[in-house]
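Worksheet: the structure to be examined is printed underneath.
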Amino acid sequence: MADSKQFVKEIADMKVDFPQWYTDVVMKTELADYGPVKGTMVIRPYGYEIWENIQHALDKRFKETGHKNAYFPLLIPYSYLLKEAEHVEGFAPEVALVTHVGDNELEEKLVVRPTSETIICEMYSRWIHSYRDLPLLINQWANVVRWEKTTRPFLRTSEFLWQEGHTLHITSEEAKEETLKMLEVYREFMQNVLAIEVIIGRKTESEKFAGAQETYAMEAMMLDGKSLQAGTSHFFGTNFSAAFDIKFSDRDGTLKNPYQTSWGVSTRLIGALIMAHGDQRGLKLPPRVAPVQCVIIPIAPHKEGVNEKAAEIAEILKKAGIRIEVDNRDQSPGWKFNEWEMKGAPIRLEIGPRDIENGQCVLARRDTNEKSIAPLENIENTINNLLNDIHDNMLAQSHEFVHSHIKVCANMDELTEAVNTQNFVKTMWCGSHECESAVKAATAASSRVMPFDQTPVGDKCVCCGKKADKVVYFAKAY
RNA sequence: CGGGGCGUAGCGCAGUUUGGUAGCGCGCAUGGUUCGGGACCAUGAGGCCGCGAGUUCGAAUCUCGCCGCUCCGACCA
């Protein structure tokens, strides 16, 4: 069991810095543990349930937009990776290679997939013959391996779980539409499921995905003002379909390469919700993915009827589809309160002898710390409404936090000041790679996205001072 | 791969300066009293002091080498 008392005390006094706080929360709330191989992570049941709930919510949205799931191999011939020049350049440094089987060296090296574009394209080239085969809308839930130099649980691990959608389309327009549609699916999911306000837009040339023509992303603001790229959606044009010789006969009888997209989110989302919602007491889980939405804590359970009443309430809530847990462990109530607050359960329901007498229970919400008394009658509706309230409140808080930490800046002094005081910077940029990397070199803040709303906030580049027409966000990033 | 910090019980640490029986708090186990915001009493289990060499009558402590973790940079979902 996590030593929560010590933990809460530490961070209450603390000047423990944010990364350390983050790691402590992950470990002590039993979301994950380090694996024996450096940079790998074991996702523990409590953390995995969050992932399952994320999967479920996303999968539903993918299906609704016409996508089907499939699975492709973990091992990819190295030669596939070489077919798209930018792609191999981007990924080669961090791919794990399989070179031997037993003592025998393989004739062709294999990579453990860092992403599946290449193998999926290889298969697509065999499947696609006619415009009648298009569009092809497929998603894969899988693990991938990228050998990163430094790692942090959920945010960057050598192996991680994700989904990657890979679609083919007849026209460029349709593919671009798909790219933006899936970005919108992600944005809606972030707000309505994870209760996280995100900033969406297009990546600059230097920040885009290796091999993409256009990359769009959603950036989430963490509590320390740093940005986390929470999901991406790419338009590939025909870069890959040409490289992998995917061709179809169009209506006019000519052979064409289809236009392609890919889009993905990963277990990093769990890191995002920890760092976007947490507080000094620990996790604050958004109700729609929380493994335990309502924890039931019997008070004085040795007294007559308490355990029975707790079980009875549990049954009612379960039937109403609420994820509950009755905490029957032999610990003092205060101990359990604190532990479940650390583990982020949105609602705590206390039921004791006094309540039973009065036909009521005590409800405590994690987001505001408020306690209230509720009648046991119709308790399932009360809880459901409260869960929705909590969600709405968390989203409103996230919205408020993000928008109060965006500073419009006109020059480098302002930008540096804003970035160093934990803000996102919204500013004008001339579009040159030189200015972008100059900002990064001077402040450690990188360009995040160019928002869709390009209403100018000035007319001069924040860096070089020349005429500028691009609105862009800069921020330090994870 | 560079720069800092740290490796002693499951967790958090003291002990290292000045070598001399392995310690503390929490957790864990057993029994009892408790239970509405981190309860209490009693008893108990638990250690290759990161690894390997060396110095010494004697090493957690001194010397040399190695390994691991972690934070900060460069690289990245």
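Just so we're on the same page: letters track the sequence lines, and every chain starts at 1.
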Rounded to the nearest angstrom, tell me the gap between atom [atom1] in [X] and atom [atom2] in [N].
| X | N | atom1 | atom2 | answer |
| --- | --- | --- | --- | --- |
| A:Asn420 | B:C72 | CG | P | 15 Å |
| A:Leu228 | B:A77 | CG | C1' | 8 Å |
| A:Asn338 | B:C35 | CG | C1' | 15 Å |
| A:Trp335 | B:C40 | CH2 | P | 15 Å |
| A:Gln331 | B:G37 | CD | P | 15 Å |
| A:Asp33 | B:C69 | CG | P | 13 Å |

Checking A:Lys371 now: which residues fulfil salt bridge (charged side-chain N to carboxylate O under 4.0 Å, His left out) with it, not counting sequence neighbours? A:Glu350
Where along [range] does a heavy atom fall under 4.0 Å from RNA chain B?
| range | answer |
| --- | --- |
| residues 349-369 of chain A | A:Glu350, A:Gly352, A:Pro353, A:Arg354, A:Asp355, A:Val362 |
| residues 293-311 of chain A | A:Ile299, A:Ala300, A:His302 |
| residues 259-275 of chain A | A:Ser266, A:Arg268 |
| residues 193-210 of chain A | none |
| residues 139-152 of chain A | A:Arg146, A:Glu148, A:Lys149, A:Thr150, A:Arg152 |

[atom1] atom, [N] versus [M]: distance in rounded Å?
| N | M | atom1 | answer |
| --- | --- | --- | --- |
| B:A77 | B:G50 | C1' | 34 Å |
| B:C35 | B:C40 | C1' | 12 Å |
| B:G3 | B:C62 | P | 23 Å |
| B:G5 | B:G37 | C1' | 36 Å |
| B:G27 | B:A74 | P | 42 Å |
| B:C48 | B:C67 | P | 23 Å |
| B:G46 | B:A53 | C1' | 30 Å |
| B:U8 | B:A59 | C1' | 14 Å |

Mind checking [X] for me? I need base, sugar-phosphate or nothing, with any heavy atom below 4.0 Å counting as a touch.
| X | result |
| --- | --- |
| A:Thr157 | base |
| A:Phe91 | nothing |
| A:Lys336 | nothing |
| A:Glu341 | base |

Could you tell me whether [X] and [Y] have a side-chain N and a carboxylate O separated by less than 4.0 Å?
| X | Y | value |
| --- | --- | --- |
| A:Glu159 | A:Arg146 | no |
| A:Asp330 | A:Lys336 | no |
| A:Glu219 | A:Lys203 | yes |
| A:Glu312 | A:Lys309 | yes |
| A:Asp279 | A:Arg281 | no |

Just jot down the ring pair (Phe, Tyr, Trp, His ring centres under 6.0 Å) partners of [X], sequence neighbours excluded, or say none.
| X | result |
| --- | --- |
| A:His405 | A:Phe401 |
| A:His67 | A:Trp263 |
| A:Phe240 | A:His87, A:Phe236 |

[X] has a side chain; which of [options] sits nearest to it?
| X | options | value |
| --- | --- | --- |
| A:Ser332 | B:G38, B:C28, B:A77 | B:G38 |
| A:Lys440 | B:A39, B:C35, B:C75 | B:C75 |
| A:Arg348 | B:G37, B:C69, B:A77 | B:G37 |

Base-pairing assignment for B:G7 (Watson-Crick or G-U wobble, both under 3.5 Å): B:C67
Does any nucleotide pair with B:C62 by Watson-Crick or G-U wobble geometry, both distances under 3.5 Å, and what is it? B:G54
Are any side-chain N or O atoms of [X] and backbone N or O atoms of [Y], one a donor and one an acceptor, separated by less than 3.5 Å?
| X | Y | value |
| --- | --- | --- |
| A:Thr157 | A:Phe154 | no |
| A:Tyr22 | A:Pro153 | yes |
| A:Glu436 | A:Ser206 | no |
| A:Asp355 | A:Gly352 | yes |

Tell me every residue that passes side chain to side chain contact (heavy atoms under 4.5 Å, CB included) with A:Pro451, counting only those two or more places apart in sequence or in another chain. A:Gln454, A:Val471, A:Tyr473
Mind checking what makes side chain to side chain contact (heavy atoms under 4.5 Å, CB included) contact with A:Ala96, not counting sequence neighbours? A:Val112, A:Val145, A:Trp147
Give every residue pair that meets the salt bridge (Lys or Arg N to Asp or Glu O under 4.0 Å) criterion with at least one member in residues 78-87 of chain A, sequence neighbours excluded. A:Lys83-A:Glu122
Identify whether NZ of Lys or CZ of Arg in A:Arg348 sits under 6.0 Å from the centre of the six-membered ring of A:Phe337 and within 45° of that ring's axis. yes
Taking the six-membered ring of A:Tyr46, is the NZ or CZ of A:Lys343 close enough (under 6.0 Å from the centre) and on axis enough (within 45°)? yes
Check whether the side chain of A:Lys371 and the base of B:G36 form a donor-acceptor pair under 3.5 Å. no
OP1, OP2 of B:C71 versus side-chain N and O of A:Thr23: anything below 4.0 Å? yes
Here's a test of your reading of the structure: between A:Phe160 and A:Gly334, which maps to the more 5' nucleotide of RNA chain B? A:Gly334
